[in-house]
Trainee: 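I'd like to ask some things about the structure below.
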Amino acid sequence: MAKQPQPISPVKNFFAGGFGGVCLVFAGHPLDTIKVRIQTQPKPSPGVPALYAGTLDCFKKTFVNEGIRGLYKGMAAPIIGVTPMFAVCFFGFGLGKKLQQKHPEDPLTYPQLFAAGMLSGVFTTAIMAPGERIKCLLQIQASSGEIKYAGPMDCAKQLYRESGIRGIYKGTVLTLMRDVPASGMYFMTYEWLKNILTPEGHSVSELSVPKILFAGGMAGIFNWAVAIPPDVLKSRFQTAPAGKYPNGFRDVLRELVREEGIRSLYKGFTPVMLRAFPANAACFLGFEVAMKFLNWLAPNM
């Protein structure tokens, strides 16, 4: 059984989650750029080496050719999208927990925490899908050398002009397939590790910074272990030319497995895992710090 500290406030979760999201983007964006570039690099012709030999090679080439700004390419879209998205994500988790409690002090079981996390995944997809589509397109255009979009807003405008709201929301089903189970795993792992790391007779709210960082980082790793295969399919699908995959993700899956084998579903595994720990450690630490501040500012809210 997981212990619940004070009554859950979805509103506080909303604001603290937004701050956590900003911390996550700053800590994790460079490796996210590398992940997308590795996942979407074209299949090399026979006898020709791949564009990037691996994570380190991609990092080196990006840094040498484009400097530190190259690693932070496309960050405006996730900052604009991530702050409300994490706010909504943590709000959804708070709401999911509250809906399953008959009384404010009821402890929740781990399956209940998983279900609350899955609800947060549904909440975030509505905001996440367009931001992800724009981010992926901006990240790959820099590596392909073809500049089609001037920035996030220009990209959104062009997509809307070309194919309406559907163009902006392309890949939503795959985003749901990625985020719903992964969010359940994310929050359940974090709560589980916080409980394990809390000494007997102490409250979860007294956890030290290193323990919060560890629980948050590990939650990120568990989240991505579930999310990588649908994420690879989503990156491919969202950056493909219109009409390339008429049957959606089934076509992407078939093509990937046929051409590159089942292991290709774990493309970008190294940068994802390297990014998952520090980015999510930063996110949960930001969340907990903001939550403490909000509890001090408005104890009865």
Trainee: Is any side-chain heavy atom of Cys23 less than 4.5 Å from a side-chain heavy atom of Cys283?
Mentor: no
Trainee: I'd like to know whether CZ of Phe26 has more than 12 heavy-atom contacts from other residues, nucleotides or ligands below 6.0 angstrom.
Mentor: no
Trainee: Applying side-chain hydrogen bond (donor to acceptor under 3.5 Å, both in side chains), run through Gln158 and Asp154 and close with a yes or a no.
Mentor: CA-CA 6 Å; Gln158 286 195 44; Asp154 180 52; 3.0 Å; yes
Trainee: Assess whether atom OH of Tyr149 is packed by more than 12 heavy atoms of other residues, nucleotides or ligands within 6.0 Å.
Mentor: yes
Trainee: When you group the ILVMFWY residues by side-chain heavy-atom contacts below 4.5 Å and let the links chain together, are Leu253 and Val226 in the same group?
Mentor: yes
Trainee: Looking only at heavy atoms, what is the nearest atom pair of Ala129 and Gln238, with distance?
Mentor: O-NE2, 3.7 Å
Trainee: Using 0.5 Å steps for rounding, measure from the OG1 atom of Thr33 to the CD atom of Gln139.
Mentor: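 Atom-to-atom, Thr33:OG1 and Gln139:CD are 4.5 Å apart.
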Trainee: Does a sphere of radius 6.0 Å around CZ in Phe15 hold more than 12 heavy atoms from other residues, nucleotides or ligands, not counting ones at 6.0 Å or beyond?
Mentor: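 Counting neighbours around CZ of Phe15, 12 or fewer heavy atoms of other residues, nucleotides or ligands fall under 6.0 Å, so no.
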Trainee: Enter the distance from His29:NE2 to Met75:CE here, rounded to the nearest 0.5 Å.
Mentor: 7.0 Å
Trainee: Group every Ile, Leu, Val, Met, Phe, Trp and Tyr by side-chain heavy-atom contacts under 4.5 Å, then state whether Val272 and Val36 land in the same group.
Mentor: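 Hydrophobic grouping puts Val272 apart from Val36.
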Trainee: Please confirm whether the backbone N or O of Gly28 pairs with a side-chain atom of Arg275, one donor and one acceptor, at under 3.5 Å?
Mentor: yes
Trainee: So which atom in Pro181 and which in Arg178 form the shortest heavy-atom distance, rounded to 0.1 Å?
Mentor: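 Taking Pro181 first and Arg178 second, the nearest heavy atoms are CD-O, 4.1 Å.
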Trainee: Could you check whether any side-chain heavy atom of Met177 comes within less than 4.5 Å of a side-chain heavy atom of Leu233, counting everything from C-beta outward?
Mentor: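 Contact flag for Met177/Leu233 side chains = no.
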Trainee: Heavy-atom distance under 4.5 Å between the side chains of Val22 and Phe86, does that happen here?
Mentor: no
Trainee: Run the salt-bridge test on Asp57 and Lys60 with the 4.0 Å N-O cut-off and return the result as yes or no.
Mentor: no
Trainee: Can you give me the closest heavy-atom contact between Leu197 and Ala215, atom names plus distance?
Mentor: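 It is CD1-CB, 4.3 Å.
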Trainee: What heavy-atom pair brings Leu113 and Phe93 nearest, and what distance separates the two atoms?
Mentor: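 Here Leu113 and Phe93 meet closest at O-CE1, 3.7 Å.
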Trainee: What heavy-atom pair brings Ala279 and Ala27 nearest, and what distance separates the two atoms?
Mentor: CA-CB, 3.9 Å
Trainee: Applying the ring pair (Phe, Tyr, Trp, His ring centres under 6.0 Å) test to Phe284, which of Phe214, Phe277, Phe90 qualifies?
Mentor: Phe90
Trainee: If only atom types and distance count, is the side chain of Asn295 paired as donor or acceptor with the main-chain N or O of Lys292 below 3.5 Å?
Mentor: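 No.
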Trainee: Is it true that Tyr169 and Val88 fall in one hydrophobic cluster, defined by side-chain heavy atoms closer than 4.5 Å?
Mentor: no
Trainee: Give a yes or no on whether the backbone of Val180 and the side-chain of Ser183 come within a donor-acceptor separation of less than 3.5 Å.
Mentor: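 It does not hold such a pair.
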Trainee: Are the side chain of Gln41 and the backbone of Ala50 linked by a donor-acceptor contact shorter than 3.5 Å?
Mentor: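 No.
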Trainee: Assess whether side-chain contact (heavy atoms from CB on, under 4.5 Å) is satisfied between Arg236 and Glu255, documenting all intermediate values.
Mentor: CA-CA 10 Å; Arg236 275 287 171 110; Glu255 183 191 87; 3.9 Å; yes
Trainee: Under the 3.5 angstrom rule, does the side chain of Ser264 hit a backbone N or O of Gly261 as a donor-acceptor pair?
Mentor: yes
Trainee: Which heavy atom in Lys267 sits nearest to a heavy atom in Ile38, and how many Å separate them?
Mentor: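 Closest pair (atom of Lys267, atom of Ile38, distance): CD-O, 4.3 Å.
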Trainee: Using a strict threshold of under 4.0 Å (side-chain N to carboxylate O), is an ion pair present between Lys170 and Glu162?
Mentor: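 Result for this pair is no, no salt bridge flagged.
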Trainee: Answer whether the closest heavy-atom distance between the side chains of Gln101 and Ile8 falls below 4.5 Å.
Mentor: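 Gln101 vs Ile8: side chains touch.
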Trainee: For the backbone of Val232 and the side chain of Tyr266, can you confirm whether one donor and one acceptor N or O come within less than 3.5 Å of each other?
Mentor: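 No: the side chain of Tyr266 does not pair with the backbone of Val232.
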Trainee: Using the rule that Ile, Leu, Val, Met, Phe, Trp and Tyr join whenever any side-chain heavy atoms are under 4.5 Å apart, tell me whether Phe114 and Leu99 fall into a single cluster.
Mentor: yes
Trainee: Looking at Ser9 and Lys12, would you say the former's side chain and the latter's main chain have a donor-acceptor pair under 3.5 Å?
Mentor: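 Yes: the side chain of Ser9 pairs with the backbone of Lys12.
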Trainee: Short question: side chain of Asn223, backbone of Ala219 - any donor-acceptor pair under 3.5 Å?
Mentor: no
Trainee: Give a yes or no on whether Leu213 and Ile196 share a hydrophobic cluster (residues Ile, Leu, Val, Met, Phe, Trp, Tyr; joining criterion: side-chain heavy atoms under 4.5 Å apart).
Mentor: yes
Trainee: Can you find a pair of side-chain heavy atoms, one from Val209 and one from Val289, that are under 4.5 Å apart?
Mentor: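 Not touching, per the 4.5 Å side-chain cut-off.
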Trainee: So how far is it from Lys97 NZ to Asp106 CG, rounded to the nearest 0.5 Å?
Mentor: 13.0 Å
Trainee: For the CZ atom on Phe63, are there more than 12 heavy atoms of other groups (residues, nucleotides or ligands in this structure) within a distance under 6.0 Å?
Mentor: no
Trainee: Assess the residue pair Leu31 and Phe59 against the criterion (side-chain contact (heavy atoms from CB on, under 4.5 Å)); give the C-alpha distance rounded to whole Å, side-chain angles, the decisive distance to 0.1 Å, and a yes or no.
Mentor: CA-CA 8 Å; Leu31 278 155; Phe59 177 83; over 6 Å; no
Trainee: How many angstroms lie between OG1 in Thr125 and CG in Leu174, if you round to the nearest 0.5 Å?
Mentor: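 One finds 11.0 Å between OG1 of Thr125 and CG of Leu174.
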Trainee: Begin from the C-alpha positions of Lys234 and Thr175 and carry the test side-chain contact (heavy atoms from CB on, under 4.5 Å) through to its verdict.
Mentor: CA-CA 7 Å; Lys234 184 191 72 62; Thr175 309; 3.4 Å; yes
Trainee: Measuring from atom OG1 of Thr198 to atom CD of Glu206, what distance do you get when rounded to the nearest 0.5 angstrom?
Mentor: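 Rounded to the nearest 0.5 Å, the OG1-CD separation comes out at 8.5 Å.
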Trainee: Return yes if a side-chain donor-acceptor contact under 3.5 Å exists between Tyr190 and Asn280, otherwise no.
Mentor: no
Trainee: Given side chains that start at C-beta, do those of Lys73 and Leu138 come closer than 4.5 Å, heavy atoms only?
Mentor: no
Trainee: Taking NZ, NE, NH1 and NH2 as the nitrogens, is one of them in Lys43 or Glu259 under 4.0 Å from a carboxylate oxygen of the other?
Mentor: no
Trainee: With salt bridge (charged side-chain N to carboxylate O under 4.0 Å, His left out) as the criterion, how do Lys35 and Asp32 come out once you've worked through the C-alpha distance, each side chain's angles and the decisive distance to 0.1 Å?
Mentor: CA-CA 5 Å; Lys35 176 202 76 160; Asp32 188 64; 3.5 Å; yes
Trainee: Considering only heavy atoms from C-beta outward, does the side chain of Met291 approach that of Ser205 to under 4.5 Å?
Mentor: no
Trainee: Any chance you could measure Gln39, atom CD, to Leu256, atom CG, to the nearest 0.5 Å?
Mentor: 9.5 Å
Trainee: In sequence, state the C-alpha distance, the side-chain angles, and the governing distance for Asn195 and Tyr110, and then conclude on side-chain contact (heavy atoms from CB on, under 4.5 Å).
Mentor: CA-CA 11 Å; Asn195 287 327; Tyr110 291 117; 3.1 Å; yes
Trainee: Would you confirm whether Lys148, through its side chain, and Leu137, through its main-chain N or O, come within 3.5 Å as a donor-acceptor pair?
Mentor: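 Such a contact is absent between Lys148 side chain and Leu137 backbone.
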Trainee: Taking the side chain as every heavy atom from C-beta outward, state whether Ile140 and Cys136 have any atom pair closer than 4.5 Å.
Mentor: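 No; the side chains remain at least 4.5 Å from each other.
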